[in-house]
Number of protein chains: 2
Amino acid sequence: MNIYDVSQKAGVSIATVSRVINGSSNVSEKTRQKVLTVMKESGYTPNVFARGLGLNTMQTIGIMCSDSSDPFLANAVYYLEHSLRSNGYDSFLCCTGQELQDKKKYLKLLLSKRVDAIIMVGSQYLETSKKDNHYILDAAKTIPVMLINGYLAAPNVFCTLCDDYQAVYDATGRLCFDNRKQILYLYNSRSYSGQQKLAGYKAAIANAGLPADDRLILHCPKQIQEATAQISAAVAAGLTFDAVICAEDSLAVAAMKHCRQTGKQIPEEVSIIGYNNSELSICCEPELTTIDNHVETLCTTTVSNLMQVLGGTAVPGRTTLSNDLVIRGTTRNVQK
Amino acid sequence: MNIYDVSQKAGVSIATVSRVINGSSNVSEKTRQKVLTVMKESGYTPNVFARGLGLNTMQTIGIMCSDSSDPFLANAVYYLEHSLRSNGYDSFLCCTGQELQDKKKYLKLLLSKRVDAIIMVGSQYLETSKKDNHYILDAAKTIPVMLINGYLAAPNVFCTLCDDYQAVYDATGRLCFDNRKQILYLYNSRSYSGQQKLAGYKAAIANAGLPADDRLILHCPKQIQEATAQISAAVAAGLTFDAVICAEDSLAVAAMKHCRQTGKQIPEEVSIIGYNNSELSICCEPELTTIDNHVETLCTTTVSNLMQVLGGTAVPGRTTLSNDLVIRGTTRNVQK
DNA sequence: ATAGAAAATGAAAGCGCTTACAGAAAACAG
DNA sequence: CTGTTTTCTGTAAGCGCTTTCATTTTCTAT
């Protein structure tokens, strides 16, 4: 069943059928109805390939995500897909992993599939070396690139970020206000947003008049068990702390495990703050105080920006959204 | 840059270039190299639309998944994508949600995109009413449909399942062996695999000579907090138990929360077993004994079956894999 | 060398759709 | 009822690729 068959059944030319399919206004109402009826009755679906060949667009957006088993990213992908769909676009998901080479490969793949734009979710897509970001700029020469939680100033690249600096600054400030003196900072990624978070931490420490102590800044693996071991090793080597702020909820869970294993009471002796307000944060006991970065808003904003870009409307290169601190059971004020 | 340009630069006809692209054997080595060089130098990529038009295939598999934020499904999607990719196929992911209408819509969408096959991951795709599964059979008339964790006997439908019945039977048996007498069963989904699990539970209970008590079978929401509330409500209404076996890890976490809130010691007073061996299971304290259903194997097996189907090799309609019980800290033998 | 078989190549006809252009029908004014 | 617009419809030329079929080149065995 192709457009020709439809045109025959409806007694018109294929051009007219095509016009009906594409909603062209140059079709009389009577003809339109006739064609629509035939299409419905015969269950006709236009061939996407032929359509793509003619229009050179597939109404499809490529989504790149480093790891869909990361809860934050999985959620983001979910919201992105839905938001795109409700705007009439389909999506093409790639789970790229962390390797630069793979990212390049998948990006090329998406370009070869002729997607209309690319959304990269996760700051993992920004390499520390500027030269390594070149593959993104290359893609942006062809189609718009949307970056979630990363920032790259370049033409045709549009970024949506949450204000990680401010969020960590505020959260750390709260720990200081609660009279914590040795605030441990756990992080996993050195990405753009990772740097922002760290900067927020440092600024808050300085602002509270606490000494800057690099031993309190600990890089951890993402996996809970490994991270727990890392913390325990640091403690065995002399590290002490009375609060922890983490760049990810999973690290906060690791910190909680460590505390439980070593008998430190939460929140009496140690306050802990996570990041992402993920499912993990309400699995623990006590439940985790954490920073909510509003994944859904992040995603819908990105898609709405993208729609504007595709529609030819100008959009700022960077859109920043704010976060909230969700207070639960792992933080408490201590009397000095 | 199209195939014509390449053919000109290489001094051959477009037919020859096409043969090189498609790895046809009827090209002399010298010509092949010449063409390959030109393609590389000019960065040429074949246009997928034109290619699809000619070949009527896109080398793309549609993946349907009800909710990519579910850790089990997210993992599955990840493994599926990778496995497909390494077999030269791209994938097209749809997060359909639970609504039958949406599932139908997305399935239609995938068909209209001319995917070469469809993988449905999660038993959510099998409705209790047989008529509601008709949309799957319709799709199977056109392209192969692979079902993960669901079973539907139909031509061109191929199912990969883990042996949920046996897994729950064994796990429940172990609780019996540990002298537990009131084994609570928590489940969320009434899907095919959900039914299998429940049947395994009932059979084990019967086999151990314990009385069948429907009050011990509790349907819970998936969300941890809601599930916890549900359990607490049942307990307030008179429910007692000394062991819990769950159809999902999240329900086990909920059970643990309930126990902690009501002061029941795990595993001294209550044993708990989860399902999926997800990240959740090592977040809790003590860590959760759980059933590992080997997502990765499930996915690679499915893809490998699919490749055979696409290659024209016969494949059984059902492939069943076995599970393992991973013993951690939430189970213990009690002396009677 | 040469007939015959095998391998390599090219010309051209689609694949199903969009769209520029031209022509027909309808609408309108006088 | 004619001449002029305006609206609608059809014809045909692509879009970039695959593939059949015919043709040319190369190889093999005599």
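Lettering of chains follows the sequences in order, A, B, ..., and the numbering in each one begins at 1. If you're wondering where the values come from, they're calculated on a predicted model, not measured in any experiment.
- None of B:Leu306, B:Val303, B:Asp116 except one satisfies the side chain to side chain contact (heavy atoms under 4.5 Å, CB included) rule with B:Tyr89; the exception is B:Asp116.
- Expressed to the nearest 0.5 Å, how far NZ of B:Lys105 lies from CD of B:Glu99 amounts to 10.5 Å.
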- Passes side chain to side chain contact (heavy atoms under 4.5 Å, CB included), B:Leu84 versus B:Ile63? Steps please. CA-CA 10 Å; B:Leu84 286 170; B:Ile63 300 179; 4.1 Å; yes
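- Separating the CD atom of B:Gln8 from the P atom of C:dG10 is a distance of 10 Å, rounded to the nearest angstrom.
- For D:dC17, the OP1/OP2 oxygens have a side-chain nitrogen or oxygen of B:Tyr44 closer than 4.0 Å.
- Using a 4.0 Å heavy-atom distance criterion, A:Val12 is classed as a sugar-phosphate-only contact.
- Distance CG (A:Leu55) to P (D:dG16): 13 Å, rounded to an integer number of Å.
- Here A:Thr16 lies in heavy-atom contact (under 4.0 Å) with sugar-phosphate atoms only.
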- Message: Could you walk me through whether B:Arg19 and B:Val35 satisfy the side chain to side chain contact (heavy atoms under 4.5 Å, CB included) test, starting with their C-alpha distance in whole Å, then the side-chain angles of each, then the deciding distance to 0.1 Å, before giving a yes or no?
- Response: CA-CA 10 Å; B:Arg19 288 195 188 95; B:Val35 172; over 6 Å; no
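- In this structure, the CG atom of A:Asn56 is 8 Å from the P atom of D:dG16, given to the nearest Å.
- The listed nucleotides are D:dC17, D:dT19, D:dG10; the one nearest the side chain of B:Ala15 is D:dT19.
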- Check the pair A:Leu298 / A:Tyr79 against side chain to side chain contact (heavy atoms under 4.5 Å, CB included), numbers first and verdict last. CA-CA 9 Å; A:Leu298 211 50; A:Tyr79 289 123; over 6 Å; no
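- Phosphate contact (OP1/OP2 of D:dG16, side-chain N/O of B:Asn2, threshold under 4.0 Å): present.
- A:Met120 is not listed as a side-chain neighbour of A:Ile148, based on a closest heavy-atom distance of 4.5 Å or more.
- Relative to the side chain of B:Ile14, the nucleotides C:dA12, D:dT9, C:dG16 differ in distance, and C:dA12 lies closest.
- Considering only side-chain N and O atoms, A:Arg51 lies under 4.0 angstrom from the phosphate OP1 or OP2 of C:dT18.
- For the segment residues 21-39 of chain A, residues with any heavy atom less than 4.0 angstrom from an atom of DNA chain C are, sorted by number, A:Asn22.
- Atom CZ in B:Arg19 sits about 10 Å away from atom C1' in D:dT18, given to the nearest Å.
- Atom CG in A:Asn47 sits about 16 Å away from atom P in D:dC17, given to the nearest Å.
- In the helix from C:dA1-D:dT30 to C:dG30-D:dC1, the rotation axis of the first five pairs and that of the last five pairs differ in direction by 30°, rounded to 10 degrees.
- Applying the side chain to side chain contact (heavy atoms under 4.5 Å, CB included) test between A:Tyr151 and each of A:Thr320, A:Thr160, A:Leu161 identifies A:Leu161 as the sole match.
- Within the structure, every side-chain polar atom (N or O) of B:Ser13 is placed at least 4.0 Å from both OP1 and OP2 of C:dT9.
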- Item | Stepwise side chain to side chain contact (heavy atoms under 4.5 Å, CB included) test for A:Val27 and A:Lys34 | CA-CA 11 Å; A:Val27 180; A:Lys34 198 166 46 180; over 6 Å; no
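- Considering B:Leu111, B:Leu93, B:Thr96 in turn, B:Thr96 is the only one that fulfils the side chain to side chain contact (heavy atoms under 4.5 Å, CB included) rule with B:Tyr106.
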